[in-house]
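These numbers come from a predicted model, not from an experiment.
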Amino acid sequence: QVQLVESGGGLVQAGGSLRLSCAASGQTFSSYVMGWFRQAPGKEREFVAVIVRNTYYADSVKGRFTISRDNAKNTVYLQMNSLKPEDTAVYYCAASASRSFDLTMSSSYDYWGQGTQVTVSS
């Protein structure tokens, strides 16, 4: 069982930056694949980034967002730069026990945080 708690969301102007954190409970954090998803009002939840041995990003955030993890702190981060109004959404971190599924799909993840709101004003 893994519990995930996101933090770091807020209101920022376009072009600004935020760093989201996701703290995980449990002693096996390093064995989980960690991803970030987001959901804007009226839209489906969408993949943002995932960290396995390498990192992978949605095309919409590539070059602007960076996912990283600190296994000693049981934490995964999402550094978001050059934010745009279209990045406005609730951001969720998620943990997957398996590397064999399509990790861009939310159904591949076993545990989810409660989400943190990111609002980018124009």
With sequence neighbours left out, what residues match Glu86 under salt bridge (charged side-chain N to carboxylate O under 4.0 Å, His left out)?
none
Donor-acceptor pairs under 3.5 angstrom involving side-chain atoms of residues 11-22: please list them, not counting sequence neighbours.
{"residue": "Ser17", "atom": "OG", "partner": "Asn81", "partner atom": "OD1", "Å": "2.9"}

Side chain Ser96, main chain Ser108, donor-acceptor under 3.5 Å:
yes
Mind listing the closest non-hydrogen atom pair of Ser122 and Pro85 along with its distance?
CB-CG, 3.8 Å
Only pairs at least two apart or in different chains count here, so list each disulfide bond (SG atoms under 2.5 Å apart) that has a residue in residues 23-89.
none
Mind listing the closest non-hydrogen atom pair of Cys93 and Val76 along with its distance?
CB-CG1, 4.5 Å
Locate the shortest heavy-atom distance separating Asp70 from Phe29; write the atom from each residue and the value.
O-CE2, 4.1 Å
Should Thr75 and Arg69 be marked as a side chain to side chain contact (heavy atoms under 4.5 Å, CB included) after you check the CA-CA gap, both sets of side-chain angles, and the distance that decides it?
CA-CA 6 Å; Thr75 301; Arg69 67 190 297 165; over 6 Å; no
Ala24 versus Leu4, closest heavy-atom pair with distance:
CB-CD2, 3.5 Å
Checking the side chain of Thr119 only, and the main-chain atoms of Thr88 only, is there a donor and an acceptor separated by less than 3.5 Å?
no
Would you give the length of the straight line joining atom CD of Gln117 to atom CZ of Arg38, rounded to the nearest 0.5 angstrom?
12.0 Å
Between Phe65 and Asp87, is there a side-chain heavy-atom distance shorter than 4.5 Å?
yes
Can you measure from CD (Glu46) to CH2 (Trp36) and round to the nearest 0.5 angstrom?
14.5 Å
Please assess Leu78 against Val48 for the test side chain to side chain contact (heavy atoms under 4.5 Å, CB included), listing each intermediate value before the final yes or no.
CA-CA 10 Å; Leu78 186 68; Val48 174; 4.1 Å; yes
Determine the minimum heavy-atom distance between Met34 and Ala95, stating which atoms define it.
SD-CB, 3.6 Å
Measure across Ser31 and Thr28 and return the closest heavy-atom pair with its distance rounded to 0.1 Å.
OG-O, 2.7 Å
Within residues 27-85 or reaching into it, pairs that qualify as disulfide bond (SG atoms under 2.5 Å apart) - sequence neighbours excluded
none
Tyr111 vs Tyr32, test: side chain to side chain contact (heavy atoms under 4.5 Å, CB included). Steps then yes/no.
CA-CA 10 Å; Tyr111 304 102; Tyr32 286 90; 3.9 Å; yes
Check whether NZ of the Lys or CZ of the Arg Arg64 lies under 6.0 Å from the centre of the six-membered ring of Tyr57 and within 45 degrees of that ring's axis.
no
Using salt bridge (charged side-chain N to carboxylate O under 4.0 Å, His left out) as the criterion, list what pairs up with Asp59, not counting sequence neighbours.
Lys62
According to a 4.5 Å side-chain heavy-atom criterion applied to Ile, Leu, Val, Met, Phe, Trp and Tyr, with indirect links allowed, do Ile51 and Tyr77 form part of one hydrophobic cluster?
no
So which residues get pulled into Val52's cluster when ILVMFWY side chains under 4.5 Å apart are joined, directly or through others?
Val33, Phe37, Phe47, Val50, Tyr56, Val90, Tyr92, Leu103, Tyr109, Trp112
For the backbone of Ser25 and the side chain of Asn74, can you confirm whether one donor and one acceptor N or O come within less than 3.5 Å of each other?
no
State whether the number of non-hydrogen atoms from other residues, nucleotides or ligands found under 6.0 Å of Gln3 atom CD is greater than 12.
no
Please check: side-chain N/O of Glu44 versus main-chain N/O of Gln39, any donor-acceptor pairing under 3.5 Å?
no
